[in-house]
Amino acid sequence: MAPTNRSPFRRTLALMASAAILAQVGVSGIAYAQTAPETTAPGVIAPAPATPETAAPAPTPPAPAAPQQTAPIQAAVPNTGPASVADLAEGLLDAVVNISTSQKVKDDEGAGPAPRAPDGSPFQEFFNDFFNKQQGNKGGNHNVSSLGSGFVIDPAGYIVTNNHVIEGADDIEINFANGSKLKAKLIGTDTKTDLSVLKVEPKTPLKSVKFGDSSTMRIGDWVMAIGNPFGFGGSVTVGIISGRGRNINAGPYDNFIQTDAAINKGNSGGPLFNMKGEVIGINTAIISPSGGSIGIGFSVPSELASGVVDQLREYGETRRGWLGVRIQPVTDDIADSLGLDTAKGALVAGVIKGGPVDDGSIKAGDVILKFDGKTVSEMRDLPRVVAESTVGKEVDVVVLRDGKEQTVKVKLGRLEDSDQAAASGDAAPDGSQDDGVITPDPGENNDMDQPDSGDQAKPAPTPDQHKGQVSPDAATPKNVLGLSLSLLSAETRKAFSIAESVDGVVVTEVTPGSASAEKGLKPGDVIVEVAQEFMKSPDAVAAKVQALKQEGRRNAQLMIASANGDLRFVAVPME
């Protein structure tokens with residue numbers, strides 16, 4: 001009996017001893033992994049050393065371990081995020097303000113017809129009585145309030161914000177971080193860049209910030225926005241620059257900085273800082289289906305805003321340079337027709353009579369590649385660099401003319417002077433006035449400018465220039481590039497209501513589905529030039545197109561005049 005009873009007891013002791021030994025090995029292994037010297041890169045946990053594969057020792061009771069005094073074991077926590085911006089924000093918060101505006105609005109302003117409850121509804125009587133009373137109270141006024149942000153740029157009390165924050169306001173109040181409030185007056189505003197300058201009269205100098213150079217900022221650089229989203233004053237958000245040179249069709253000088261720093265309603269007019277505490281942008285717009293931040297915000301860059309702000313402070317208005325041309329984009333087809341390697345520059349569609357370049361220094365058909373040393377990569381670059389230039393300054397302009405680059409000198413006028421030209425007949429066909437550089441054409445998705453009107457946009461040939469030049473068969477209609485062409489005569493002018501100032505070859509029919517039809521040509525259009533050469537007859541058009549094909553050109557560049565003389569350039573494929 002005894003041996004039989006001792007066997008389970010001994011097995012139990014052996015199992016208990018083995019478990020204790022294995023537990024001791026496991027504990028010592030964990031301790032080593034946590035306390036071993038760090039020999040790997042920060043943030044990477046060093047692996048525990050492998051346990052040698054040896055036979056287990058005889059099952060003997062473990063000796064009691066001597067007590068050891070050890071420091072608490074802590075795993076190293078790597079610092080993978082950016083450094084705190086608390087110190088930076090603390091020094092800037094006082095310069096950012098909350099702007100509160102109020103405006104008197106008539107109660108019936110913008111109101112439509114009063115809604116009515118469906119006939120037979122149990123609440124019809126109460127519903128209709130309520131809205132009848134509302135209709136009877138029309139004519140009164142009430143105040144509409146709004147909130148925005150701004151920032152102090154001068155201790156004397158000059159404040160910058162967005163124009164849409166204070167537009168139409170009857171009363172503007174500035175709320176400072178310390179709780180004080182001051183009434184502000186409007187010094188100047190610029191709707192094209194959505195910027196305004198305000199002035200308060202502080203008793204003591206205010207905390208201010210200064211503009212930095214946004215042109216040095218790169219995609220991925222850290223930025224910080226401070227403002228008053230939804231009225232929560234002094235809110236700080238941090239993000240990076242997500243993009244540069246964004247065009248959101250907000251104005252003719254769009255060049256926005258895109259950021260993922262949270263910007264919401266109420267942030268408008270607030271500053272976007274770099275990590276030096278300099279203002280490199282003014283928060284203006286967001287893209288959001290919900291009205292809240294989804295990480296796509298836009299700021300006016302300081303390289304554009306600082307000059308506008310300086311002019312508003314000094315003159316109360318902007319004084320921009322004016323070139324006096326109408327331009328359109330250089331598409332891939334147009335670039336090919338001109339012999340350009342890539343689509344670049346701004347194509348001059350017309351020159352305004354009496355403007356700075358009406359002396360022939362720049363002509364319709366020129367492609368402006370550089371302006372005052374600045375590269376014009378695409379059409380929308382030109383209005384911005386011209387507007388930022390000093391009025392009266394003489395600048396070098398590099399143009400592509402007749403397949404060769406040329407440098408011409410032009411003296412800039414003032415943008416406001418263009419109002420006189422617009423009044424004298426250079427208004428856009430839709431009745432809107434020219435802004436001095438470009439006028440967006442809604443029919444071209446805001447990508448093409450309205451061409452100039454009348455004979456002021458092109459060198460109109462005099463009647464005696466073409467005497468004796470028409471060949472005997474020139475009057476015979478020709479079909480070129482899917483176009484039926486004919487001479488301009490008294491009959492065709494009357495048939496298509498073509499102005500006397502327009503000269504060239506008239507389009508009488510357009511083949512449906514042809515390349516010309518796809519480019520928008522229509523009966524009544526007049527081909528003035530092909531590849532910058534004046535066209536006097538249908539034969540001349542056919543001969544020039546054939547010559548271009550023999551040169552290996554894939555597209556023919558046509559200068560097209562509408563019936564009233566508006567010009568545009570079209571590149572038609574010749575395949």
Side-chain angles (χ1 to χ4, degrees), residues 81-82 85 88-89 92-93 95-99 101 146-153 159-167 189-196 209 211-306 308-309 380 384 446:
V85 296
L88 178 64
L92 301 172
L93 282 167
V96 181
V97 300
N98 178 294
I99 298 178
T101 67
S146 64
L147 293 174
S149 303
F151 56 98
V152 182
I153 58 169
I159 295 170
V160 174
T161 187
N162 281 142
N163 172 65
H164 74 259
V165 170
I166 53 86
E167 187 174 19
T189 191
D190 178 48
T191 57
K192 288 183 172 65
T193 56
D194 195 19
L195 296 177
S196 293
V209 291
F211 283 111
D213 186 2
S214 60
S215 65
T216 63
M217 301 298 292
R218 301 183 302 162
I219 295 175
D221 280 344
W222 288 103
V223 288
M224 179 173 65
I226 302 181
N228 305 281
F230 301 106
F232 293 101
S235 294
V236 178
T237 56
V238 176
I240 62 169
I241 291 179
S242 309
R244 291 179 51 87
R246 296 301 195 203
N247 178 17
I248 60 174
N249 293 321
Y253 311 123
D254 280 14
N255 187 31
F256 287 97
I257 294 172
Q258 180 185 332
T259 179
D260 66 352
I263 297 174
N264 288 285
K265 293 179 179 179
N267 272 111
S268 288
L272 186 70
F273 293 102
N274 60 17
M275 292 296 103
K276 298 178 182 178
E278 300 168 332
V279 179
I280 51 90
I282 300 173
N283 302 321
T284 298
I286 62 173
I287 290 181
S288 172
S290 64
S293 174
I294 60 171
I296 304 178
F298 300 97
S299 302
V300 179
S302 62
E303 57 189 298
L304 173 62
S306 58
V308 172
V309 168
R380 68 187 184 92
R384 186 173 63 253
N446 291 328

When rounded to the nearest 0.5 angstrom, what is the spacing between CD1 in I257 and CD1 in I280? 4.0 Å

Are the side chain of S235 and the backbone N or O of N228 linked by a donor-acceptor pair below 3.5 Å? no

With a 3.5 Å distance limit and no angle check, can you tell me whether D194 reaches the backbone of N162 through a side-chain donor-acceptor pair? no

For a 4.5 angstrom cut-off between non-hydrogen side-chain atoms, does W222 reach V85? no

Which of these passes side-chain contact (heavy atoms from CB on, under 4.5 Å) with F298: I286, I282, I287, L272? I287

Backbone N or O of I241 within a donor-acceptor pair of the D221 side chain at under 3.5 Å? no

Just by modelled atom types, is the G266 backbone N or O under 3.5 Å from a matching donor or acceptor in the S149 side chain? yes

Minimum heavy-atom separation for I159 to V152, with atom names? CG1-CG2, 4.0 Å

Examine distances only and state if a side-chain atom of N163 and a backbone atom of I166 form a donor-acceptor pair shorter than 3.5 Å. no

Nearest heavy atoms of M217 and R244, plus distance in Å: O-NH1, 3.3 Å

Looking at side-chain heavy atoms only, is the closest gap between V300 and F256 below 4.5 Å? yes

Measure from the side-chain N and O atoms of S268 to the backbone N and O of G148, and report whether any donor-acceptor pair falls under 3.5 Å. no

Is the closest side-chain heavy-atom distance between F211 and V309 below 4.5 Å? yes

From the list I294, I263, N264, side-chain contact (heavy atoms from CB on, under 4.5 Å) partner of S288 resolves to I294

Shortest non-hydrogen separation from D254 to N249 and the atoms involved: OD2-N, 2.8 Å

Rounded at 0.5 Å granularity, tell me how far NZ in K265 sits from CG in L147. 12.5 Å

Without swapping roles, check the side chain of D260 against the backbone of G239 for a donor-acceptor pair under 3.5 Å. no

Under a 4.5 Å cut-off applied to non-hydrogen side-chain atoms, are V236 and M224 in contact? yes

Does atom CZ of F232 have more than 12 heavy-atom neighbours from other groups under 6.0 Å away? no

Using every non-hydrogen atom in the two residues, find where V209 and A95 come nearest and quote the distance to one decimal. CG1-CB, 3.6 Å

With a 4.5 Å cut-off on side-chain heavy atoms, are V279 and F273 touching? yes

Looking at S214, S215, P271, which one forms a side-chain contact (heavy atoms from CB on, under 4.5 Å) with S302? S214

Taking it one step at a time, do D213 and T216 satisfy side chain to side chain donor-acceptor pair (under 3.5 Å)? CA-CA 6 Å; D213 186 2; T216 63; 4.8 Å; no

Any donor-acceptor pair under 3.5 Å linking the side chain of S299 with the backbone of G281? no

